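This structure is a prediction, so every number in the text was calculated from the model and none was measured. Every heavy atom of this structure was used, including side-chain atoms; hydrogens, water molecules and symmetry mates were not. First the proteins, then the strands, lettered A, B, ... as listed; each starts at 1.
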Amino acid sequence: MPVLLTKAFFERPVLEVAQGLIGAALVRRLADGTTFRSMLTEVEAYDGPDDLASHAAKGRTPRTEVMFGPAGVFYVYLIYGMHWMLNVVTGEPGYPAAVLIRGTQDISGPGRITSRLAIDKSLNGKPANRSSGLWFEDRAAPIDSKQIEATPRIGIDYAGDWAQAPYRFVLRE
DNA sequence: ACGATGATGAAC
DNA sequence: TTCATCATCGTA
């Protein structure tokens with residue numbers, strides 16, 4: 001039986017959480033009762049105030065505020081004027097870190113996921129549990145760490161040396 | 001290869 | 001108040 005990933009799961013270093021999410025399920029339940037469920041295959045970690053790829057490198061702003069808050073809460077923002085990006089906050093309050101959800105088995109691309117699953121700003125700051133209609137469930141089957149490939153993150157060429165950090169995790173086919 | 005399209009943060 | 005930038009995607 002699938003088990004909801006609780007706050008404790010996200011209250012860990014973001015690199016651990018990111019790899020732990022590979023193979024887990026992203027679940028979306030809409031008001032009409034429709035439920036989508038798909039296994040996560042691609043995520044990225046954004047780690048702390050010194051990570052130049054992270055929005056939090058600019059410090060605490062209205063937008064990044066949720067990244068400095070408690071774990072297990074969604075950080076959702078608009079990019080390029082048209083795509084919502086879905087993240088989950090990790091670690092201890094005061095330390096800004098989050099995992100960007102980039103791909104699942106059925107949906108490839110962070111903007112497509114939010115579009116298909118009706119995710120927008122209204123989920124920003126909401127918890128990953130049934131109350132928000134968006135949550136994560138544990139792996140259906142164990143994943144060997146050798147099945148998880150680490151690569152540099154996408155679309156962050158502005159991040160200097162941090163652009164090379166292997167913080168993107170992909171499930172090998 | 002390129003334009004769409006609007007919030008954000010920093011400069012002025 | 002203006003301006004450059006942007007954790008992307010679809011069309012060409």
Taking the six-membered ring of [Y] as reference, does the cationic atom of [X] (NZ for Lys, CZ for Arg) lie under 6.0 Å from its centre and within 45° of its axis?
X        : Y        : answer
A/Arg12  : A/Phe10  : no
A/Arg102 : A/Phe169 : no
A/Arg116 : A/Phe36  : no

Exercise for the section: Sequence neighbours left out, what passes salt bridge (Lys or Arg N to Asp or Glu O under 4.0 Å) with A/Arg130? Give chain and number order. Expected result: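 A/Arg130 satisfies salt bridge (Lys or Arg N to Asp or Glu O under 4.0 Å) with no residue once adjacent residues are dropped.
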
Practice task
Could you tell me the separation between the NZ atom of A/Lys126 and the CZ atom of A/Phe74, rounded to the nearest 0.5 Å?
Solution key: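 So the gap between those two atoms works out to 10.5 Å.
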
Problem - Which residue lies more 5' along DNA chain B, comparing A/Pro62 with A/Gly81 via nearest heavy atoms - result: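 The residue closer to the strand's 5' end, by nearest nucleotide, is A/Gly81.
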
Provide, to the nearest angstrom, the distance between the [atom1] atom belonging to [X] and the [atom2] atom belonging to [N].
X        : N      : atom1 : atom2 : result
A/Arg60  : B/dT8  : CZ    : C1'   : 18 Å
A/Asp51  : C/dA7  : CG    : C1'   : 10 Å
A/Ile79  : C/dT5  : CD1   : C1'   : 8 Å
A/Ile119 : C/dT8  : CD1   : P     : 16 Å
A/Glu42  : C/dA7  : CD    : C1'   : 11 Å
A/Arg116 : C/dC9  : CZ    : C1'   : 15 Å
A/Ile107 : C/dG10 : CD1   : P     : 12 Å
A/Met82  : C/dT11 : CE    : P     : 12 Å

Exercise for the section: Decide yes or no on side chain to side chain donor-acceptor pair (under 3.5 Å) for A/Asp47 and A/Tyr95, but give the supporting numbers first. Expected result: CA-CA 9 Å; A/Asp47 189 13; A/Tyr95 185 84; 2.7 Å; yes

Practice task
For B/dG6, take OP1 and OP2 only and decide whether either is under 4.0 Å from a side-chain N or O of A/Lys121.
Solution key: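 Result: no.
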
Problem - N/O (side chain, A/His55) to phosphate O (OP1/OP2, B/dT8) under 4.0 Å - result: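 Indeed not, no polar side-chain atom of A/His55 lies that close.
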
Exercise for the section: Looking at every strand, decide which applies to A/Met85 at a 4.0 Å heavy-atom threshold: base, sugar-phosphate, or nothing. Expected result: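 A/Met85: backbone/sugar contact only, no base atoms under 4.0 Å.
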
Practice task
Would you classify A/Arg63 as touching base, sugar-phosphate or nothing, given that sugar-phosphate means primed atoms plus P, OP1 and OP2, and contacts are heavy atoms under 4.0 Å?
Solution key: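 Contact class for A/Arg63: sugar-phosphate only.
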
Given [options], the nucleotide with the shortest approach to the side chain of [X]:
X       : options              : value
A/Lys58 : B/dA7, B/dA10, C/dT8 : B/dA10
A/Leu78 : C/dG10, B/dG9, B/dG6 : B/dG6
A/Tyr80 : C/dA7, C/dT8, B/dG6  : C/dT8

Exercise for the section: Check the side chains of A/His55 and A/Tyr75 for a donor-acceptor pair under 3.5 angstrom, ignoring hydrogens and angles. Expected result: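 There is such a pair (donor and acceptor under 3.5 Å, judged by atom type) between the side chains of A/Tyr75 and A/His55.
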
Exercise for the section: Scan side-chain atoms only and decide if A/Gln164 and A/Trp162 contain a donor-acceptor pair under the 3.5 Å cut-off. Expected result: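 No.
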
Practice task
Can you tell me which stems DNA chain B forms, taking runs of 3 or more consecutive Watson-Crick or G-U pairs with both distances under 3.5 Å?
Solution key: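 Only these stems qualify: B:1-4 with C:8-11, B:6-11 with C:1-6.
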
Handout entry: Short N-O contact, A/Arg37 and A/Asp106, less than 4.0 angstrom
Key =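 No salt bridge links A/Arg37 with A/Asp106.
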
Handout entry: Qualifying residue, where the test is side-chain contact (heavy atoms from CB on, under 4.5 Å) with A/Val43 and the options are A/Ile22, A/Val17, A/Val170
Key =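 Result for side-chain contact (heavy atoms from CB on, under 4.5 Å) with A/Val43: A/Ile22.
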
Handout entry: No-H, no-angle donor-acceptor pair, A/Tyr77 side chain to C/dA7 base, under 3.5 Å
Key =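 Counting by modelled atom types and ignoring angles, a donor-acceptor contact under 3.5 Å is found here.
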
Practice task
Look at the side chain of A/His83 and the base of C/dA7, then say whether one donor and one acceptor between them are separated by less than 3.5 Å.
Solution key: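 Check fails, no donor-acceptor contact within cut-off.
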
Practice task
Mind running a 4.0 Å heavy-atom check of residues 154-170 of chain A against DNA chain B and sending the residues that fall below it, in number order?
Solution key: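 DNA chain B contact set from residues 154-170 of chain A: none.
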
